[in-house]
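The analysis underlying the following values was restricted to heavy atoms, covering all of them including side chains, and did not include hydrogens, waters or symmetry mates.
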Amino acid sequence: MSKKASSLIIPEGISNVLLHACCAPCSSAIVEWLLAHEIRPTIYYYNPNIFPREEYEIRKNESKRHAEQLGLMWIDADYHHERWLENVCGLEGEPERGKRCERCFTMRLLQTASEARSRGITWFATTLASSRWKDLAQIERAGLQAEAAVPGTRFWAQNWRKDGLQERRNALLKSFNFYNQRYCGCEFSMPQSQQVVADQG
């Protein structure tokens, strides 16, 4: 049985959650909402898809800065980009919201579920579900697959675009003066101009 807060569903008895964070802008409104509802998130930064490394470090440091300003635990899961490339091998030409994205989500949420179990945290969630560019059904399938693979964990499948959180995200982006990235993260999602810059770097 779950209780309802506005249009977002809170699992009954939850007091903490391991929150997989793709970036600080996408995390900000979600973290604020969780804290307002007496749920303390531990921020887990696991994004081996991000390319190039300089972009990864910028996003990582912004996520860490955000967590530290709020006094939250922040975990760096390291880069592992070569492992990610192996994981999506053969799907490089897939469009956004295609099979490559779901494979990517699954890899990241499996790692998140494992981290949650190692820390004795039952629930895990992801800020990926806040982006209007992502397929929520893919994210939910990936999360439930991770839950099934890691006994003792539960995936909080939530549409984090609801209840004004998308608008609040935009306000917090300005308030915190976050770096606001212009593409998903991997080299296969980069605009042509950015790909050229990366190749020359």
Problem set entry | Heavy-atom side-chain contact between Arg65 and Gln69 under 4.5 Å | yes
For this session: Please assess Val88 against Asn49 for the test side-chain contact (heavy atoms from CB on, under 4.5 Å), listing each intermediate value before the final yes or no.
Result: CA-CA 10 Å; Val88 300; Asn49 58 303; over 6 Å; no
Exercise. How far apart are the C-alpha atoms of Gln166 and Arg169, what are their side-chain angles, what is the distance that settles it, and do they pass the side-chain contact (heavy atoms from CB on, under 4.5 Å) test?
Worked result: CA-CA 5 Å; Gln166 187 66 40; Arg169 171 202 184 278; 3.9 Å; yes
For this session: Report the distance from atom CD of Gln145 to atom CD of Glu140, rounding to the nearest 0.5 Å.
Result: 13.0 Å
Problem set entry | Cys101 side chain near Asp135 side chain, heavy-atom distance below 4.5 Å | no
Exercise. Which heavy atom in Leu110 sits nearest to a heavy atom in Ala146, and how many Å separate them?
Worked result: CD2-CA, 3.5 Å
For this session: Is it possible for you to say whether Tyr46 and Ile121 belong to one hydrophobic cluster, with membership spreading through side-chain heavy-atom contacts below 4.5 Å?
Result: yes
Exercise. Rounded to the nearest 0.5 Å, how far apart are CG of Leu18 and OG1 of Thr42?
Worked result: 6.0 Å
For this session: First locate atom SG of Cys23, then atom NE2 of His66, and finally report the distance between them rounded to the nearest 0.5 Å.
Result: 10.5 Å
Exercise. In terms of side-chain geometry, is the basic nitrogen of Lys60 or Asp76 positioned less than 4.0 Å from the acidic oxygen of its partner?
Worked result: yes
Exercise. Would Ile58 end up clustered with Phe178 when hydrophobic side chains under 4.5 Å apart are linked, directly or stepwise?
Worked result: no
Exercise. How far apart are the closest heavy atoms of Cys186 and Arg100, and which atoms are they?
Worked result: SG-NE, 4.0 Å
Exercise. Mind checking whether Trp156 and Trp160 have parallel, tilted or perpendicular rings, split at 30° and 60°?
Worked result: perpendicular
Problem set entry | More than 12 heavy atoms from other groups under 6.0 Å of CD on Glu38 | no
Seminar exercise, completed: Leu8 and Asn159 have their tightest heavy-atom pair at CD2-O, 3.4 Å
Exercise. Has the side chain of Tyr44 got a donor or acceptor atom that lies under 3.5 Å from a matching backbone atom of Thr112?
Worked result: no
Exercise. Taking Glu92 for the side chain and Gly90 for the main chain, is one N or O donor matched with an acceptor at less than 3.5 Å?
Worked result: yes
For this session: Of all the heavy-atom pairs spanning Pro41 and Val31, show the shortest one and how long it is.
Result: CG-CG1, 4.2 Å
Problem set entry | Any side-chain donor near an acceptor of the partner, Arg103 and Asn87, under 3.5 Å | no
Problem set entry | Nearest heavy-atom neighbours spanning Lys134 and Cys184 | NZ-SG, 3.6 Å
Exercise. Has the side chain of Asn47 got a donor or acceptor atom that lies under 3.5 Å from a matching backbone atom of Ala21?
Worked result: yes
Exercise. Can you list the residues that meet the salt bridge (Lys or Arg N to Asp or Glu O under 4.0 Å) rule with Arg40, with sequence neighbours excluded?
Worked result: none
Exercise. Are the side chains of Glu55 and Tyr179 in touch, meaning some heavy atoms are under 4.5 Å apart?
Worked result: yes
For this session: State yes or no: do Leu173 and Ile30 share one hydrophobic cluster built from I, L, V, M, F, W and Y residues joined by side-chain heavy-atom distances below 4.5 Å, directly or via other members?
Result: no
For this session: Determine whether the aromatic ring centres of His80 and Trp84 lie less than 6.0 Å apart.
Result: no
For this session: For residues Tyr56 and Phe51, determine if any side-chain heavy atom of one lies less than 4.5 Å from a side-chain heavy atom of the other.
Result: no
Exercise. How many angstroms lie between atom OG1 of Thr126 and atom CG of Leu19, to the nearest 0.5 angstrom?
Worked result: 7.0 Å
Problem set entry | Carboxylate-amine/guanidinium contact Glu62 Arg59, below 4.0 Å | no
For this session: Of all the heavy-atom pairs spanning Gln138 and Arg97, show the shortest one and how long it is.
Result: NE2-O, 2.8 Å
Problem set entry | Joint cluster assignment, Trp74 & Ile50, ILVMFWY side-chain distance < 4.5 Å | yes
Problem set entry | Gap between atom OG1 of Thr122 and atom CZ of Arg117 - 0.5 Å precision | 12.0 Å
Problem set entry | Spacing of OG belonging to Ser27 relative to CG belonging to Leu72, to within rounding of 0.5 Å | 10.5 Å
Exercise. With a 4.5 Å heavy-atom cut-off, do His81 and Arg53 have their side chains touching?
Worked result: no
For this session: Find out if a path of hydrophobic residues (ILVMFWY) with successive side-chain heavy-atom gaps under 4.5 Å connects Met107 to Phe155.
Result: yes
Exercise. For Glu115, does its backbone N or O pair with a side-chain atom of Ser118 as donor and acceptor, under 3.5 Å?
Worked result: yes
For this session: Decide side-chain contact (heavy atoms from CB on, under 4.5 Å) for Met73 and Arg119; before the verdict, give the C-alpha distance in whole Å, the side-chain angles of both, and the deciding distance to 0.1 Å.
Result: CA-CA 12 Å; Met73 179 180 287; Arg119 293 179 178 271; 3.9 Å; yes
Problem set entry | Non-hydrogen side-chain atoms of Phe188 and Leu85 separated by less than 4.5 Å | yes
Exercise. Between Thr127 (side chain) and Cys22 (backbone), is there a donor-acceptor pair under 3.5 Å?
Worked result: yes
